[in-house]
Each structure stands twice: as C-alpha cells, then as structure tokens.
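Just so it is clear, the structure is predicted and the values come from calculations on it, not from any experiment. Note that these values count all heavy atoms, side chains included, but never hydrogens, waters or copies made by symmetry. First the proteins, then the strands, lettered A, B, ... as listed; each starts at 1.
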Amino acid sequence: MGDDADFAAWYQREHPRLVTSLLLVAGDIEAAREATDEAFARAYAHWSSVSLMASRQGWTYRVALNVLRRRGRRARLEQTLLARQVPPAVVPPPAGEAWEAVRSLPPRQRTAVVLRFVADLTEEQVGVAMGVSRSTISSTLADARRTLARLLGDQDVEVDCV
Amino acid sequence: MSDLRDLVAPLFDRPLVAAPPLEAVAERARTHLRRRRRQNASVALAFAVLISAMSWTVREHRDSLRTVGRPGTPALVTGSTSTTAPSPALGAAGSRRTQHPAPTTTTVAPGAVPDGTRCEAGANGGATDRGVTAQTISILMSSTDSGAGASMYHDAGQVVFDSAMRVNRAGGICGRILKVVAHDGFVRPDQQTNTFAFFVGPGRPELDDYITSGDAERIGVPVVGTDGLTAAQFQSPLVWPVGTPWPSMVRIAVDHDYRVLGARTFALLFDDTFAPGTEAAAAFEAYVPTLPGASIKLVQPSGATDAALRLKSACGGAACDAVVWAGVDAQRWLGSDGATGRLETDDVTSMGSSSLTQACGSALSAPCDSVRVWARYTPAVGSFLNEPAVQAYGQVAKDGANAFVEGAYVGFQLLVEALKRTGPNLTRARLRDTLDHMTFDVGLTTPLSWGPTRVANTSARALKIVNGHFEDAGGGWVRDPLAN
C-alpha cells in the first residue's frame with residue numbers, strides 16, 4: 001500500500017492538524033476523530049497515488065469532510081427517526097473570544113476559515129477540500145472576515161487571502 | 001486581534017487526541033479495501049445476471065429477424081455517422097408508445113477506419129478498445145438504489161436500463177449491444193475490468209473526489225452525461241455534464257425576479273450539507289450585489305435549528321421581495337417561512353420529487369401561488385406532455401417531475417447518441433472527440449455542446465403550481481445572465 005516511512009512521517013505531522021480542524025468544523029470530538037481515522041486509512045490504502053498528488057492534504061481533507069457530512073446526515077436521520085436527544089457539542093475552549101466567533105460562523109465560512117488558518121492549507125487546497133473553485137474560497141473568506149468583524153466589533157480582523 | 005493564526009498555537013500545545021499507531025491505520029485501510037472488493041464481487045454477480053438476460057434478449061431478437069417481413073419486427077440500425085430514429089416500439093397502431101424524435105445531426109469528422117469496417121454486426125471492426133468487442137460495449141453505471149436518497153434516485157437506473165434495452169432490441173449500435181453493469185454505490189472504472197464508458201447516476205457525491213483527485217484523467221474512461229450539480233463536474237475533460245449548474249440556476253432565478261418582477265430584496269435558504277448548496281450560496285452572494293439597487297436580506301442554511309426564526313425575522317411581512325430555495329425540502333418550508341405578501345419564492349432544487357405539488361394540492365394555496373420552480377429539463381408534466389420528446393420520456397418515467405431521474409435519462413441519451421455518431425471504429429479517443437464536437441438536442445433541453453468551460457447547459461425554465469399540478473409558467477428557456 002505504499003511507502004510506509006513516507007506515509008508515517010506525513011501522517012504524524014498532519015494528524016493533529018486534521019483532527020483539530022474537523023473538531024472546529026463539526027464541534028464533535030468523536031465525529032472529528034472518526035472522520036480523521038477514515039481519511040488517513042483511505043490515504044494509506046491509496047498512498048501510491050495520493051503521495052503523487054499535488055494536493056494530498058486537499059484530497060485527505062476532502063475525504064474527511066465527506067465522512068463528516070455523511071455522519072451528520074445519518075445522525076440527523078437517527079435523531080428524526082428515534083427522537084434521540086443529541087448531546088450538546090463539547091469543544092475544548094480555544095484561546096479567547098475570537099474562536100468562539102469562528103465557531104458561530106455559518107458552516108461554509110467556518111469550514112473555509114478552519115481549513116485556511118488551522119489546517120494551514122492554501123486557498124487552492126481549501127478549494128479542493130471543499131469541492132469549489134479557488135475564487136469561491138476567496139469570496140467565502142472575505143465574507144467570513146466581514147462576519148467576524150461584525151461579531152467582534154474589530155475592523156482590524158485580517159484574513160490572509162493569499 | 002490581528003492574526004487568526006496567533007490563536008491556533010495553543011490548540012497544538014497538547015494534542016486533542018492521540019494519533020492511532022500506524023498498524024491501526026494499516027488495518028483500517030485493509031478493511032476499506034476488503035469492502036471495495038466485496039462491492040466488486042456484487043458487481044460481477046450483477047454483471048453475470050445482466051449478460052445472461054441480454055444474451056437471451058439477443059437470441060430472441062435474432063430469431064425474430066430470421067422471419068423477414070413479420071409485422072412489428074424492429075429495424076436493425078445501419079449506417080455510419082448519420083443518425084436514425086430508434087425503431088418503433090412493438091405495439092398496435094394507436095398505442096401510447098411513440099418513437100423517440102431523431103436528435104439533431106452533426107457530422108463528425110471521419111477518422112481513419114480500417115478497411116472493410118462497416119457499422120453492422122460482423123463487420124464493425126471487433127475489439128477496437130478496452131470494453132468493446134464485436135458484440136458488446138461495456139458501460140459501468142454507478143447508481144443509488146439503497147440508503148439515503150434511494151427513493152428519489154433509484155428510478156434513474158431504471159430509465160437507463162430501459163433506454164439500453166430499447167437500443168439493444170433495435171440491434172445495438174453498429175451491431176454491438178450495450179452491456180450496462182450497474183453498481184449500487186460508487187465504484188471506479190478501474191475496479192471494474194473492461195469498462196469502455198462510465199455513467200454516474202444522481203446522488204453520488206463520490207464523483208467529485210474521483211474528478212478532483214485526478215483519478216478521472218488518470219484512468220481515462222469517459223464519464224458521460226452526469227447531472228452537473230457540482231462544480232467539480234466541470235473541471236475535467238473526461239466528464240460531459242448535461243445539467244445546469246446550481247450557480248447558474250440561482251442567477252437565473254434572481255435575474256428573472258429582478259428584471260421581470262422588480263424584486264430588489266433577496267434572501268436565500270440553502271442546504272449547506274452538500275456541495276451544490278454551498279456553491280449556490282456563493283453564487284447568490286456574488287451576483288445579487290451586482291444588480292443596481294438590489295440587496296441581500298439573508299443567506300440562511302436550512303438545517304440550522306433557528307433557520308425558520310431567522311427567515312421569518314428577515315423576510316416576514318414582505319420584507320423580502322424574493323426568497324430562493326436551493327436544495328431545501330420545499331414541503332417543509334412552504335407556508336412556514338413568512339411568505340405572505342412576498343413577490344416570489346424560487347425553488348431551484350429542480351423538482352426532486354412531487355412532494356411540492358402534493359403539499360400545494362392539499363392546502364396552502366396562497367403560498368403556492370407565489371412559488372416558481374425552475375427546471376433544467378422540460379418535465380413530463382402538464383402541457384409539456386404535448387411535445388413528442390416529453391411524451392417519449394414520460395413513458396419511461398414513473399414521476400415526470402423528478403428532475404434527477406430525467407437528468408439520468410438525458411445523460412444516457414447523450415451517451416447513446418455519441419456512441420452512434422462515433423461509429424464502428426469505437427475507441428475512447430474517438431468517443432471523446434465526438435462528444436467535444438457534437439451538438440446534442442434530445443428535445444428536453446436547449447441544444448448542448450461542450451466547450452472549454454465544459455458547461456453545456458446554462459438554461460432553465462419556470463413552472464408554476466396550479467391546483468396542485470405543475471404548469472408551464474411561460475417565458476421559455478431562460479439563460480444564465482453570466483453565461484458566455
């Protein structure tokens with residue numbers, strides 16, 4: 001399934017960033033862990049091709065986001081069918097009010113901000129992960145900046161749009 | 001706060017969860033691959049069943065051909081690149097079954113054809129490419145027959161099979177019958193040996209990964225007739241979508257309301273759990289501000305627990321001239337989103353089912369009066385059923401208002417037409433060339449052709465709901481105001 005040493009190094013480096021990113025997107029540590037494990041397993045299974053991709057991070061984040069979405073749909077369906085009470089999301093407190101503001105962004109803006117500034121992906125890679133064009137990501141991040149500025153009352157919020 | 005990155009550092013001081021050891025990752029990877037192999041085994045079984053059924057059908061057909069002149073015997077398709085109408089379906093005169101109209105003909109530049117090759121059985125050149133033999137053309141189909149969405153997408157597979165069987169009853173294409181191997185779920189063509197072309201039905205988000213990962217181009221199998229619901233489908237020269245992209249649908253609806261109805265305040269309700277919804281939202285947010293005097297009152301994910309409250313707060317009391325629904329459950333929102341007094345509600349989800357008409361048929365006439373539904377394909381409903389192409393589709397579709405199924409029908413007709421025009425010397429390269437240079441018009445869309453942007457369909461048409469039924473709202477095909 002590929003070069004183990006190469007994968008192991010990349011895996012150890014990227015795992016914390018991916019699971020933290022997904023936690024900030026989903027607000028659910030179990031969902032984030034499950035999606036992370038599945039994404040890396042698939043990357044390992046297809047490492048011979050994934051390792052050659054220009055954006056292996058983008059591919060992996062894309063797989064992880066899809067797993068999150070599918071899990072989210074199942075959870076909502078279960079909630080509807082079983083009238084199950086979903087426990088409130090438990091998110092470790094990140095630093096300061098700014099991240100609370102990020103958590104309150106609309107899901108699409110939140111995902112873009114997290115992938116860009118937590119996962120440290122380029123806009124191109126964020127586009128790959130979210131399945132939209134780079135220009136869409138640019139405008140989404142600009143929208144997030146405006147929303148955050150409004151939430152925080154801070155005109156100096158910067159979102160790096162490089 | 002000057003830099004969001006400064007806030008990230010504390011999150012990595014202590015890892016939130018430990019990374020599982022590599023052995024665990026490897027084991028999970030093996031489980032993933034075993035699951036895929038099991039899926040391939042079920043595909044092989046389906047293939048065996050299907051080829052048995054098709055072999056029986058071909059034998060039956062040969063037997064009928066031996067008796068020349070028997071009334072109702074289907075005609076064998078002959079000729080090279082010219083198109084012919086499919087044979088009449090067997091049935092008495094005056095039957096509801098009618099012929100498919102002949103699609104528009106565009107001559108394909110002839111390539112080198114081996115000597116003696118003709119578009120007929122026994123002379124078609126045989127195994128001209130992987131997935132092609134003298135008798136068959138192998139097409140892999142990913143469908144959604146189980147799980148979430150099956151109720152909406154399942155019939156897509158049925159209309160594809162029906163279309164393939166009609167072609168096969170007529171003798172196939174240049175003497176080769178279509179061998180459609182269906183897989184419930186997504187499977188890559190390289191996992192199904194000898195696939196010539198790939199048809200992906202609605203409800204398969206894995207197609208995006210297949211494209212954006214580079215697999216589509218690496219594997220090289222043409223993916224023909226996809227639904228066009230996500231941006232990724234327009235990013236590969238190996239994919240030919242037939243549906244109008246969601247951003248185009250949103251712009252069409254907004255532009256219509258602005259120009260025709262004088263709407264100036266807009267809101268969007270969208271499903272942010274999948275890519276088309278988020279792409280529609282991005283297009284909405286980008287386009288509305290370009291219209292002089294227009295403004296956005298709200299962009300609201302429909303799944304949020306307070307979505308209804310927010311929508312009523314923003315748009316209640318006719319505060320919003322127009323609200324666009326993108327991927328939402330129309331039946332749920334009808335009458336509950338503060339629609340009273342509003343100019344227009346535009347549903348660009350494009351008729352996933354008849355739930356909307358059912359809701360309008362039972363009650364809530366006032367909100368239904370202001371709903372305009374935008375469709376990518378001419379649906380098999382109302383006065384459209386007077387059109388021959390719509391009638392032909394209506395005979396194979398259980399729900400003429402289900403645009404996902406209709407998209408599969410249009411997409412598969414494209415594949416069939418392209419195979420016919422490519423002729424006996426059937427290779428992937430020649431099929432691609434055919435698709436890239438043809439104009440396709442099955443009578444359910446505007447004429448489609450694929451340029452560098454890969455966006456062939458940039459139009460939609462509007463329907464209204466009258467007495468619980470879809471009817472033509474007039475205005476014909478409306479084009480995306482930003483389309484080239």
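Residues E14(A) and R17(A) are not paired through a salt bridge, judged by the lack of any N-O separation under 4.0 Å between the basic side chain and the carboxylate. Ion pairing between a basic and an acidic side chain is recognised when a charged N comes within 4.0 Å of a carboxylate O; R108(A) and D143(A) show no such pairing.
With a 4.5 angstrom heavy-atom cutoff, A19(B) touches chain A via backbone and side-chain atoms both. With a 4.5 Å cut-off on non-hydrogen atoms, E38(A) touches chain B through its backbone and its side chain both. Heavy-atom distances place the side chain of E285(B), and not its backbone, under 4.5 Å from chain A. With a 4.5 Å cut-off on non-hydrogen atoms, T278(B) touches chain A through its backbone and its side chain both. Of the atoms belonging to P301(B), it is side-chain heavy atoms, and not backbone ones, that fall under 4.5 Å from chain A. Proximity to chain A involves both the backbone and the side chain of A281(B), based on heavy atoms less than 4.5 angstrom apart.
Aromatic pair F198(B)/Y210(B): ring centres closer than 6.0 Å.
Most heavy-atom pairs under 4.5 Å with chain B: of the set D37(A), V50(A), L52(A), this distinction falls to D37(A).
Side-chain atoms of S248(B) and D480(B) form a donor-acceptor pair, as typed in the model, at a separation below 3.5 Å. No hydrogens or angles considered: nothing links the side chains of D120(A) and Q57(A) as a donor-acceptor pair under 3.5 Å.
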